[in-house]
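In what follows, chains are A, B, ... by sequence order, proteins preceding strands, each numbered from 1.
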Protein chains: 2
Amino acid sequence: MEGVVEPLYRKIRRDIVECELTPGKSFSEAELGRLYNAGRTPVREACRRLEREGLIRIIPFRGYMVTPLSVSEFKDLEEMQLIFEPEAAALATERATDEELEKILRLAHYEYRLDDKQSYREFVQKNYELHSLIAQCTRNRRLHEVIGNVHVRLMRFFYLGIPLDSYGQALAAEHLAMANAMRARNAGEARQHAETHIRNAMDRSSKLLMDAIRFGEAVFDTASVAGTIASPGRRSTKNTQ
Amino acid sequence: MEGVVEPLYRKIRRDIVECELTPGKSFSEAELGRLYNAGRTPVREACRRLEREGLIRIIPFRGYMVTPLSVSEFKDLEEMQLIFEPEAAALATERATDEELEKILRLAHYEYRLDDKQSYREFVQKNYELHSLIAQCTRNRRLHEVIGNVHVRLMRFFYLGIPLDSYGQALAAEHLAMANAMRARNAGEARQHAETHIRNAMDRSSKLLMDAIRFGEAVFDTASVAGTIASPGRRSTKNTQ
DNA sequence: TCGGAGCGATCTGTATACCGAATGTCCGGT
DNA sequence: ACCGGACATTCGGTATACAGATCGCTCCGA
């Protein structure tokens, strides 16, 4: 029975990351306990962890709330990526085993088709695995954790389809360039490719974010209350509630 | 009554950081509750947070344990500093207010006298404030948190007097150079100074670490089980227990 | 009719008790 | 001397109780 809180935590986290639990939605401990059928204590604990990871916000005597997506969070996270990942790529280039580099290369081949929603979700997942594996190859466990957390938080945005849409080939090309540099054990070049990869991602996403905001489509900033319309045809009863 | 867990958490964290609770020491929830007179629930919660920060380790059915100091953790943390702080200094240079830059400069003036233990502890504290303030000036809250956490974990080593000893002036000089560059709004130079500062710190500490290990003085590594040899004449009954 | 004070509902925060599970220890048998 | 099982300890999880805080509703007065 070792793991009741751990699976629960993972389930909730997955649902948040995949925007199954809409950002900005608020709920009580009991409610969440019913939803995942678990007692109040494990729910509390899971929520505490999620709060520390920035996925849930605790409103002092009113309950919990899925952290609303905000432009500022997105910017912060991307800025962190820009700082962390190029160095991580360089370190990984020097420290990874040949097998790991092969696996990285394999993951870098992933693309997705625009017409297929499922393919996109898979890509987001593989993209995470790629970045996480690179971080792991730094052989710096703490760094790996931090980079992983940053990416997890970014994935919520990805799952909304905001920053990646319609850039499948470009992304894969950048991934490949980086993976190849790593495989050639060229740390400097790997760093460079990683940096331009992140910079490009930032450019693309800022464009898409602008559009999204212009269309009033999703993301919100500032003082909480992020009603989330998300995709058309999605029920959004009691979203801000 | 909002804050019972928060102060408790802070107290425990402070005691761990200041090595008041010796690294490697193990204890039960009840024990800790008695020590800080608090209930089991707040203790649990505080320990969970400390675990996520890497200051406490949970041994599945045997209790808790102050994370033993390990060379690998030290190396990891310094490597992270080397990645984060130069960029943070550069960002802060561009984003800080004039007042903040003044305060940074003021903090950078801190030195310590070798003969005075209290002065050293103060220095460690001020050093933390300096680095934390710089991180805060990046205006990237998440980045600030991460850098703060890294530094907090490093402080345990500092409080053991390991990596700083007898480098007071050198440290202050490096701090000053960086702070001055920041005040001149020269981001590139600030980054450069920060980088050499961290690199120097790494060199110095690796020397001192070697010595410390040679003298069997403190730090432990590898697979958990840090029997605490520490100082000669120290009983080590039930150390791994 | 409108506005403000007060009351109650609800939920978190915290403490405590209890059961089950797992592990290390100790003791006794082979 | 070695091995195996019972016991104590301690954590993991749940239920429960209670205090405090917040919100919303009602009621009363202007």
Side-chain angles (χ1 to χ4, degrees), chain A residues 1-13 16 21 24-53 55-67 223-225 227 237-241, chain B residues 1-13 16 21 24-68 223-228 235-241:
Chain A
M1 189 162 288
E2 223 270 55
V4 170
V5 113
E6 181 70 19
L8 174 66
Y9 158 76
R10 289 188 175 282
K11 254 187 294 188
I12 300 180
R13 193 183 71 169
I16 292 179
L21 293 172
K25 163 157 184 151
S26 63
F27 50 85
S28 74
E29 281 178 359
E31 202 176 329
L32 206 62
R34 247 174 286 122
L35 194 55
Y36 291 90
N37 52 298
R40 213 181 128 194
T41 313
V43 167
R44 269 183 81 79
E45 195 153 319
C47 286
R48 287 337 228 257
R49 284 173 68 174
L50 291 166
E51 193 244 347
R52 282 207 40 84
E53 289 182 40
L55 292 176
I56 274 183
R57 207 173 277 178
I58 298 179
I59 309 159
F61 282 87
R62 296 297 300 160
Y64 302 90
M65 151 181 195
V66 181
T67 305
S224 58
V225 197
T237 60
K238 74 188 296 196
N239 42 3
T240 66
Q241 198 254 24
Chain B
M1 186 162 291
E2 221 272 54
V4 169
V5 114
E6 181 68 21
L8 174 66
Y9 158 75
R10 289 188 174 281
K11 255 189 292 191
I12 300 179
R13 193 183 70 170
I16 292 179
L21 293 172
K25 163 158 185 151
S26 62
F27 51 85
S28 72
E29 283 179 358
E31 202 175 328
L32 208 61
R34 247 174 285 119
L35 193 55
Y36 292 89
N37 51 295
R40 210 182 122 198
T41 314
V43 166
R44 269 182 81 79
E45 194 142 308
C47 286
R48 287 339 229 262
R49 282 172 69 173
L50 291 165
E51 193 244 348
R52 284 207 36 86
E53 287 180 41
L55 293 176
I56 275 184
R57 208 174 277 177
I58 298 179
I59 309 158
F61 285 86
R62 297 297 299 159
Y64 302 90
M65 151 181 196
V66 181
T67 305
S224 56
V225 195
T228 311
R235 253 185 47 256
S236 59
T237 62
K238 74 186 292 193
N239 42 4
T240 66
Q241 195 253 24

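Two residues are said to be in side-chain contact when any heavy atoms from C-beta on lie closer than 4.5 Å; A:Lys25 and A:Tyr64 fail this criterion. With a 4.5 Å cut-off on side-chain heavy atoms, A:Leu55 and A:Arg49 do not count as touching. Within the 4.5 Å cutoff, side-chain heavy atoms of A:Glu53 are placed close to those of A:Arg13.
Rounded to a whole Å, the CZ atom of A:Phe61 is 21 Å from the P atom of C:dG8. Separating the CD1 atom of A:Ile59 from the C1' atom of D:dC23 is a distance of 13 Å, rounded to the nearest angstrom. Nucleotide D:dC11 holds its C1' atom 14 Å from the CG atom of B:Leu32, rounded to whole Å. In this structure, CD of A:Glu45 is placed 13 Å from C1' of D:dT14, rounded to the nearest angstrom. The distance from atom CD1 of A:Ile58 to atom P of C:dT14 is 10 Å, rounded to the nearest whole Å. With rounding to whole Å, B:Arg44 atom CZ is found 7 Å from D:dG13 atom P. Between the P atom of D:dT10 and the CD atom of B:Glu31 lies a distance of 8 Å, rounded to the nearest Å. Note: CZ (B:Phe27) to P (D:dT10) measures 13 Å, nearest angstrom.
Once rounded to the nearest 0.5 Å, the distance linking CG of B:Leu50 with CG of B:Leu32 reads 9.0 Å.
When each of A:Arg62 and B:Tyr64 is assigned the nucleotide of DNA chain D bearing its nearest heavy atom, the one mapping closer to the 5' terminus is B:Tyr64.
Among the atoms of the strands shown, base atoms are found under 4.0 Å from some heavy atom of A:Thr41.
In terms of polar N and O atoms assigned as donor or acceptor, the side chain of A:Arg40 comes within less than 3.5 Å of the base of C:dG13 in a complementary pairing.
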